[in-house]
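As the structure lists them, so they are numbered: ligands from 1, and atoms in each ligand from 1.
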Amino acid sequence: MSQAMSDIAVTELQQMAASWESEYKQLISGNNVRLDLSRGKPAPEQLALSDSLDGILHGNFITPSGIDTRNYGNVLGIPEARALGAELMGVPANEVVAGGNSSLSLMHFVLGTAMHQGFWGDQRRWRNDPRPKLLTPVPGYDRHFALSESFGLEMINIPMTPAGPDMQRAAELAANDPSIKGIWCVPKYSNPTGNTYSQDIVDAMAVLPQQAASDDFVVLWDNAYAVHDLDEAGDILPCLREACLKVGTYDHVVQFASTSKITLASGGVGFIAVSENVLKVLEKHLSVFVIGPDKVNQLRHVKFLGGRLKEHMAAHAAIVRPKFERVLTKLRTELADLKVANWTEPKGGYFISLDVQPGLAKKVITLAGAAGLTLTPAGATFPYGKDPLDKNIRIAPTFAQEAELEQAMHILTLCIKLVSAQATLGQQKV
Ligand SMILES: Cc1ncc(COP(=O)(O)O)c(C=O)c1O
């Protein structure tokens, strides 16, 4: 088959659709497969790479800097863990907070601070605006949307391009609406597109706080996949800090990262990076939130990852790369010629973003679900669960075993072919 579906003669396409339909019906009759491509989490083999975290301290809880990690205190984290965060985020260690087990909870803390206390030790607070809003590049990360919604922050979609968010649109909106208070970014191997922001986009992001009509605009820079390259030659993310320092906006950036997908998911270390000015304010509010982070876990991480982060991430890549390749090969062989879908081919991260023809994502996901394949719910990659074109499907290849992936992709591509053929032929149902 080397013809676009739209060019196939009706009678021929009817025959193809009938054969896909009978294959699908066979699949669901007596079907008891349970497959899942919705879980953006590490596979057990990836977690096992960090098994030696357990017991690594051998009873020595004192940091090289002399801190007893078993006790309260050090709200910004131990210096050695702050240095680890600095390495991950490409910033100086004195701008880093090494926190607890999750960057998501740090994001919650940061949004709360932005709403109620502000970052600058003055009267600026997002809650001063009756309808504060955030810009959300789409498709994006569902938990950013849930967080924003939980704080009553309205979200405005910004389209993603392969180089990053549409910055012209972002600047137009922010310049004309003082209630727009910030923008969410996953700048490297974005969830779910896998795109990495270009230098132009990073430069444009650095001037956005100046262009914004509000004086308390903040770039929320969630660099969750900073070191998650699938190949040695991964994408290079230009440095936002440098770009901001050039134009004087560094007090309007909060960066996040964590080791959740480096060591243990929910058992790692989360980080924030901000300017020294903002850190002083943040520290005050952080000490209301927590007496000290889990410093024992921080010390374990320092011992485990110190000097071997690259090697450790290469071991992850060796497990994850074949899974991405398997998914992409199946998409190419089953769908490329038919031209019924587009997808991203990321060089790292945890996701592949698949766009089917507009109006078909929900149907594909439902059909796949009936055949035993769970996919991320339609619309989940958009604020309020609403994909305006109903076309985006997020594929998470990491957790499944390779054989399961093959089966899952067979079901997914079959469903896409069937639903696309039905739409092309003007039919409604299987
Ligand atoms: C973009 C992004 N940020 C944050 C997280 C969660 O991070 P953590 O485990 O540090 O809370 C994820 C997890 O999937 C993610 O994809």
Side-chain angles (χ1 to χ4, degrees), residues 36-43 46-47 50 53 77 81 84-85 88-89 96-112 134-148 150 155 160 164-165 182-197 219-230 235 237 240 254-273 289-290 293-294 297-298 301 305 313 316 320 324 344 346 348-353 376-377 380-383 392 394-400:
D36 196 334
L37 287 184
S38 72
R39 292 169 294 186
K41 47 186 198 178
Q46 288 178 266
L47 300 172
S50 299
L53 272 171
L84 176 63
L88 273 180
M89 291 190 278
V96 174
V97 179
N101 71 323
S102 142
S103 61
L104 198 70
S105 62
L106 295 175
M107 292 174 216
H108 193 281
F109 161 71
V110 161
L111 288 191
L134 290 177
L135 300 176
T136 44
V138 290
Y141 178 38
D142 52 352
R143 290 183 190 270
H144 287 165
F145 307 149
L147 260 183
S148 309
S150 79
M155 290 168 275
M160 271 294 271
I183 183 166
W184 278 114
C185 302
V186 183
K188 187 167 175 187
Y189 305 134
S190 176
N191 178 351
T193 67
N195 296 134
T196 297
Y197 293 10
V219 177
L220 300 159
W221 195 252
D222 177 5
N223 204 354
Y225 301 105
V227 291
H228 301 63
D229 306 310
L230 291 179
D235 290 345
L237 175 67
L240 179 68
V254 183
Q255 304 191 56
F256 303 94
S258 81
T259 70
S260 288
K261 284 162 181 165
I262 297 174
T263 54
L264 305 181
S266 291
V269 181
F271 302 99
I272 297 177
F289 178 73
V290 69
D294 180 350
N297 197 34
Q298 291 188 355
H301 275 77
L305 291 173
M313 292 317 292
H316 275 288
V320 177
F324 268 65
T344 55
Y350 262 59
F351 303 100
I352 290 166
S353 180
T376 307
T381 51
F382 287 75
N392 189 247
R394 185 183 85 164
I395 302 179
T398 53
F399 190 74

With a 6.0 Å cut-off on ring centres, are Y350 and Y225 close enough? yes
D222 and K188 ion-paired at < 4.0 Å: no
A224: numbered ligand 1 atoms lying under 4.0 Å from its heavy atoms: 1 (C), 2 (C), 3 (N)
Give the atoms of ligand 1, by number and element, whose distance to some non-hydrogen atom of S258 is under 4.0 Å. 8 (P), 10 (O)
Please check if the side chain of Q255 supplies one atom and the backbone of F271 the other of a donor-acceptor pair under 3.5 Å. no
Short side-chain to backbone donor-acceptor contact, H316 and H228, under 3.5 Å: no
Parallel, tilted or perpendicular: which fits the ring planes of F289 and F109, with parallel below 30° and perpendicular above 60°? tilted
Under 3.5 Å, is there a donor-acceptor pair between the side chain of S190 and the main chain of P192? no
If you compare K41, K261, H228 by their heavy atoms, the one closest to atom 13 (C) of ligand 1 turns out to be K261
With a 3.5 Å distance limit and no angle check, can you tell me whether S102 reaches the backbone of S105 through a side-chain donor-acceptor pair? yes
Would you tell me whether N392 and T381 have side-chain atoms, one donor and one acceptor, within less than 3.5 Å of each other? yes
Ligand 1 atoms in contact with S102 (distance to a heavy atom under 4.0 Å): 10 (O), 11 (O)
Closest approach of any protein heavy atom to atom 12 (C) of ligand 1, naming residue and atom: Y141 OH, 3.2 Å
The answer for which part of S103 has a heavy atom under 4.0 Å from ligand 1 is both
Relative to the heavy atoms of V186, which atoms of ligand 1 are at a distance of less than 4.0 Å? 1 (C)
For atom 16 (O) of ligand 1, find the nearest protein heavy atom and state the residue, atom name and distance (0.1 Å precision). Y225 OH, 2.6 Å
Geometry only, no angles: is S260 polar-contacting ligand 1 at N/O separations under 3.5 Å? yes
Between the candidates D222, N191, L104, which shows the shortest non-hydrogen contact distance to atom 2 (C) of ligand 1? D222
Side chain, backbone, both or neither: which applies to F256 and ligand 1 if a contact is any heavy-atom pair less than 4.0 Å apart? neither
